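Report on the following structure.
Computed from a prediction, not measured in an experiment: that's the story for all the values here. Both ligands and their constituent atoms are indexed starting at 1 by order of listing.
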Amino acid sequence: RAFHTSTSSKLEHDTRSRLNCLRSSTPYQVARSGSASAMADCMQEWPEPIVRVQAVAESGLAAIPGCYVKPPRDRPAQQHLAAAANALREPSDDSIPVIDLGELLAAGDGRIDGLITEAVAAACRDWGFFQVVNHGVAPELMRAVREAWRGFFRLPISAKQQYANQPRTYEGYGSRVGVQKGGPLDWGDYYFLHLAPEAAKSPDKYWPTNPAICKEVSEEYGREVTRLCEVLMKVLSASLGLEEARFQEAFGGAECGACLRANYYPRCPQPDLTLGLSAHSDPGVLTVLLADEHVRGLQVRRADGEWVTVQPVRDDAFIVNVGDQIQILSNSVYKSVEHRVIVNAKEERISLALFYNPKGDVPIAPAAELVRPDRPSLYPPMTFDEYRVYIRKNGPRGKAQLEGFKGQAVPGTGNK
Ligand code: OGA
Ligand code: NI
């Protein structure tokens with residue numbers, strides 16, 4: 001599985017000088033954020049030249065540059081790293097709950113079985129994560145979209161640079177999240193696109209033309225997974241004792257958004273020092289992850305604080321997690337759970353995350369039905385467009401972001 005190496009000497013020169021600058025950067029130094037106007041300015045461009053993690057990985061360095069080195073408390077445990085590299089499908093006691101949607105989808109009468117809502121409620125309360133099987137998305141489509149993106153990431157870097165993204169929209173080929181100079185970097189490259197609603201869809205210039213099938217197959221996949229999200233929204237609403245349509249309506253009805261993030265985690269010479277993606281919760285409503293069929297890497301923080309490596313039960317299972325918007329709408333009955341990605345020295349890893357998001361301009365606040373005198377509203381109304389600005393500026397920050405908004409609920413909504 002050798003990569004093509006770049007033939008462009010200019011690119012090689014750039015990469016070398018950027019690697020030199022990375023070598024001299026201080027480990028885990030985080031810059032302080034500036035004023036609001038400085039924030040707006042810095043969102044136009046990256047604070048430092050972008051280095052593709054693929055380039056660093058292929059440069060053959062034995063030690064990773066300091067900017068990828070995490071503080072000791074954030075580093076993965078040795079036994080997890082060893083297990084991730086051999087994607088064994090051994091049964092495990094602590095695997096996240098599996099929800100079978102087969103009967104619900106086959107019944108087609110829109111009636112949601114109490115067993116399913118109970119299982120989903122328990123998964124959301126205990127884990128914030130669950131796997132779904134018999135979800136209606138064709139395995140061939142899942143395979144095709146996975147192969148399309150694998151094909152893209154295996155192209156030489158020079159063929160991908162034309163899609164280099166900017167922090168203003170993030171659309172395209174990226175290697176960092178967050179615009180703070182000297183901020184920590186993760187061991188992964190990605191590709192980000194808007195799929196829905198139609199008006200927000202990424203224009204053609206942002207779509208890879210190679211592999212030729214990439215756009216078509218991603219669009220089809222986006223439609224199918226969005227349909228699945230609409231079903232899951234009904235189940236989630238019902239699981240909280242709300243009208244089935246309640247969630248969908250609160251998040252903007254038919255105009256909810258969908259974005260695709262294809263993640264590429266190259267092999268890493270020192271996986272014990274870094275992360276493919278730092279701990280974060282997802283800002284949107286739901287995330288549907290198609291994980292690599294061979295290599296594990298996703299870890300979920302369990303209620304007791306331990307990191308648990310997710311093992312998909314089947315190649316065609318989806319890993320679903322609730323995002324910050326569900327925590328807000330449910331008034332924290334369901335919590336978006338922290339997760340992160342570990343990398344390994346033997347195998348690269350690919351994953352596809354479909355983010356189902358609220359319509360951008362709808363204020364989201366706890367549902368009135370879930371606000372009571374003994375459980376006051378925990379969050380002030382905020383649109384997703386507003387919320388996302390913070391995430392995009394700061395990069396992955398565990399759950400600090402959402403916690404920061406807590407307790408700012410406006411008077412009259414039942415908040416103290
Ligand atoms: C994400 C994410 C997990 C993975 O893209 O938000 O959490 O396994 N990805 O790549
Ligand atoms: Ni995530």
Side-chain angles (χ1 to χ4, degrees), residues 53 74 76 80-81 83-85 87 95-96 127-131 142 145-146 149-150 153 165 170-171 173-178 185-195 218 221-222 225 229 257-268 271 274-301 307-312 315 317-327 335-344 347-357 387-388 391-392 394-402:
V53 179
D74 292 341
H80 288 162
L81 292 168
S95 62
I96 59 172
W127 289 90
F129 268 80
F130 51 90
Q131 315 195 31
M142 298 170 77
V145 72
R146 196 144 48 183
W149 285 102
R150 210 184 291 279
F153 285 114
N165 74 350
Y170 274 88
E171 290 161 292
Y173 180 42
S175 297
R176 78 183 278 160
V177 177
L185 296 176
D186 289 334
W187 195 265
D189 299 323
Y190 64 85
Y191 206 101
F192 182 78
L193 288 162
H194 289 279
L195 303 174
S218 300
Y221 179 78
V225 178
C229 288
C259 303
L260 183 70
R261 182 177 149 128
N263 295 298
Y264 171 62
Y265 307 102
R267 275 168 288 194
C268 177
T274 192
L275 291 167
L277 189 50
S278 289
H280 66 285
S281 62
D282 294 335
V285 174
L286 282 176
T287 303
V288 177
L289 186 86
L290 178 55
D292 196 293
E293 66 273 58
H294 306 299
V295 187
R296 286 183 278 185
L298 174 64
Q299 293 195 313
V300 176
R301 202 204 284 274
W307 288 103
V308 175
T309 305
V310 173
Q311 173 62 64
D315 284 357
F318 282 122
I319 313 296
V320 178
N321 65 286
V322 305
D324 295 345
Q325 304 305 314
I326 286 190
Q327 178 167 334
K335 295 181 180 60
S336 60
V337 163
E338 271 184 280
H339 52 286
R340 67 180 191 183
V341 174
I342 58 175
V343 292
N344 74 83
E347 308 272 7
E348 65 189 46
R349 179 170 178 270
I350 299 255
S351 72
L352 294 181
L354 189 299
F355 301 113
Y356 188 71
N357 294 327
Y387 189 73
R388 186 146 68 174
I391 309 296
R392 289 187 163 174
N394 294 329
R397 285 279 176 93
K399 291 206 60 172
Q401 219 83 251
L402 183 54

### Query
Any idea which of L277, V295, L298 brings a heavy atom closest to atom 2 (C) of ligand 1?
L277
### Query
Out of G284, S351, S281, A291, whose heavy atom sits nearest atom 4 (C) of ligand 1?
S351
### Message
For a quick check under 3.5 Å, do S281 and E338 share a side-chain donor-acceptor pair by atom type?
### Response
no
### Task
Take every heavy atom of R340, measure it against each atom of ligand 1, and state whether any distance is under 4.0 Å.
no
### Query
What does the angle at the Ni ion (ligand 2) come to, between atom OD1 of D282 and atom NE2 of H339, rounded to 10°?
100°
### Message
Does only the side chain of T287 get under 4.0 Å from ligand 1, or the backbone, or both, or neither? Count heavy atoms.
### Response
neither
### Message
Contact between ligand 1 and Y265 is defined here as a heavy atom of the residue under 4.0 Å from a ligand atom; is it met?
### Response
yes
### Task
Without swapping roles, check the side chain of Q327 against the backbone of S336 for a donor-acceptor pair under 3.5 Å.
yes
### Task
Say whether, by atom type as modelled, one donor and one acceptor occur between the side chain of E171 and the main chain of N165 under 3.5 angstrom.
no
### Message
For V343, run the side-chain contact (heavy atoms from CB on, under 4.5 Å) check against T274, L277, L275 and tell me which one passes.
### Response
T274
### Query
Do any N or O atoms from the side chain of H294 and from the backbone of D292 form a donor-acceptor pair under 3.5 angstrom?
no
### Summary
At under 4.0 Å between heavy atoms, what of F355 touches ligand 1? The answer is side chain
